[in-house]
Amino acid sequence: MPSLAAVADPPPRYVDGAAMDYFVIEMVNTLRASSAVATARAKRIEQEMINAGLITTPAPAAPSLKKEKMRDSVASNATRASLSKDTHDSDEEELRARLEAVGMHVGANMAERLCHDRGLFTDTLDAIKFICKELWNSCWDKQVDNLRTNHRGVYVLQDNSFKPLTRISSWEGRAESLRQSRLYVAVPAGIIRGALARLGFQAVVVPEVTNLPQCTFQIKLPKGS
């Protein structure tokens, strides 16, 4: 039986600092596969409902060329590339939505834990400062490097060396690295949004990466919040 002192003040448990990086990599890959399966299942169910006459066939998003015309067209390769890009972007958006949902759950729990002994935030600026200091330090071992606002409900948080992006690289070049980074900032964006939601502020969080490993988050709060 453990002693009463050990139960009242348990020893701290430590986790390897690289464990989170490995976890995020595997989470993105796992959710990418899961998203593909979910999308294929949704399309299959939709097709079964169309075949059963329960719903009508959805109108095509854009007119497409017939196969014969595409074969003879000079721009057929560009057309196929455009269609493939649209499909890829749709899959990426579905994956980003799933990653952000995971982040929102984590952010809400983090905010609740960090604010356990605090009073309610009545000012939006105080809530944003809490995100920039306490939440950022708990999640990414530092504070935000720069905070800007237009005093109309829009805040821009800038981290010049954002930890989730410090190890991102691609042999295909800078453009591919930036594309990959958009997936890896979806979870942090969800963490910020979830934390603000738990504090009582419904926000829109838009991450932007233009120069690795720098990252900015634009937070939009509704007027009057």
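For the single chain, residues carry numbers from 1 onward in sequence order.
For R32, there are no salt bridge (charged side-chain N to carboxylate O under 4.0 Å, His left out) partners, not counting sequence neighbours. Under the ring pair (Phe, Tyr, Trp, His ring centres under 6.0 Å) criterion, Y184 pairs with no residue at all, not counting sequence neighbours.
For the residue pair D145 and Q158, no side-chain donor N or O sits within less than 3.5 Å of a side-chain acceptor on the partner.
Aromatic ring orientation, W136 versus F162: tilted (interplanar angle from 30° to 60°).
Between E94 and R98 there is a salt bridge, since at least one side-chain N of the basic residue sits less than 4.0 Å from a carboxylate O of the acidic one. A salt bridge is absent between K43 and E46: the closest approach of a Lys/Arg side-chain nitrogen to an acidic carboxylate oxygen does not fall below 4.0 angstrom. Between E92 and R179, at least one side-chain N (NZ, or NE/NH1/NH2) sits under 4.0 Å from a carboxylate O, which counts as a salt bridge.
Counting only distance, with no hydrogens or angles, the side chain of S34 and the backbone of L31 share no donor-acceptor pair below 3.5 Å.
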Could you pull out all donor-acceptor pairs under 3.5 Å where a side-chain atom in residues 149-157 meets a protein atom, sequence neighbours excluded?
| from | atom 1 | to | atom 2 | distance (Å) |
| --- | --- | --- | --- | --- |
| T149 | OG1 | H151 | N | 3.0 |
| T149 | OG1 | V154 | O | 3.0 |
| N150 | OD1 | R152 | N | 2.9 |
| N150 | OD1 | V154 | N | 3.2 |
| Y155 | OH | T124 | OG1 | 3.1 |

Would Q143 and N137 count as a side-chain hydrogen bond (donor to acceptor under 3.5 Å, both in side chains) if you check the C-alpha gap in whole Å, the side-chain angles of each, and the deciding distance to 0.1 Å? CA-CA 5 Å; Q143 296 183 7; N137 193 52; 5.9 Å; no

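A chain of hydrophobic side-chain contacts below 4.5 Å, direct or via other Ile, Leu, Val, Met, Phe, Trp or Tyr residues, connects L54 to I50. Hydrophobic cluster membership differs between M104 and M27, with clusters built from Ile, Leu, Val, Met, Phe, Trp and Tyr side chains linked at under 4.5 angstrom.
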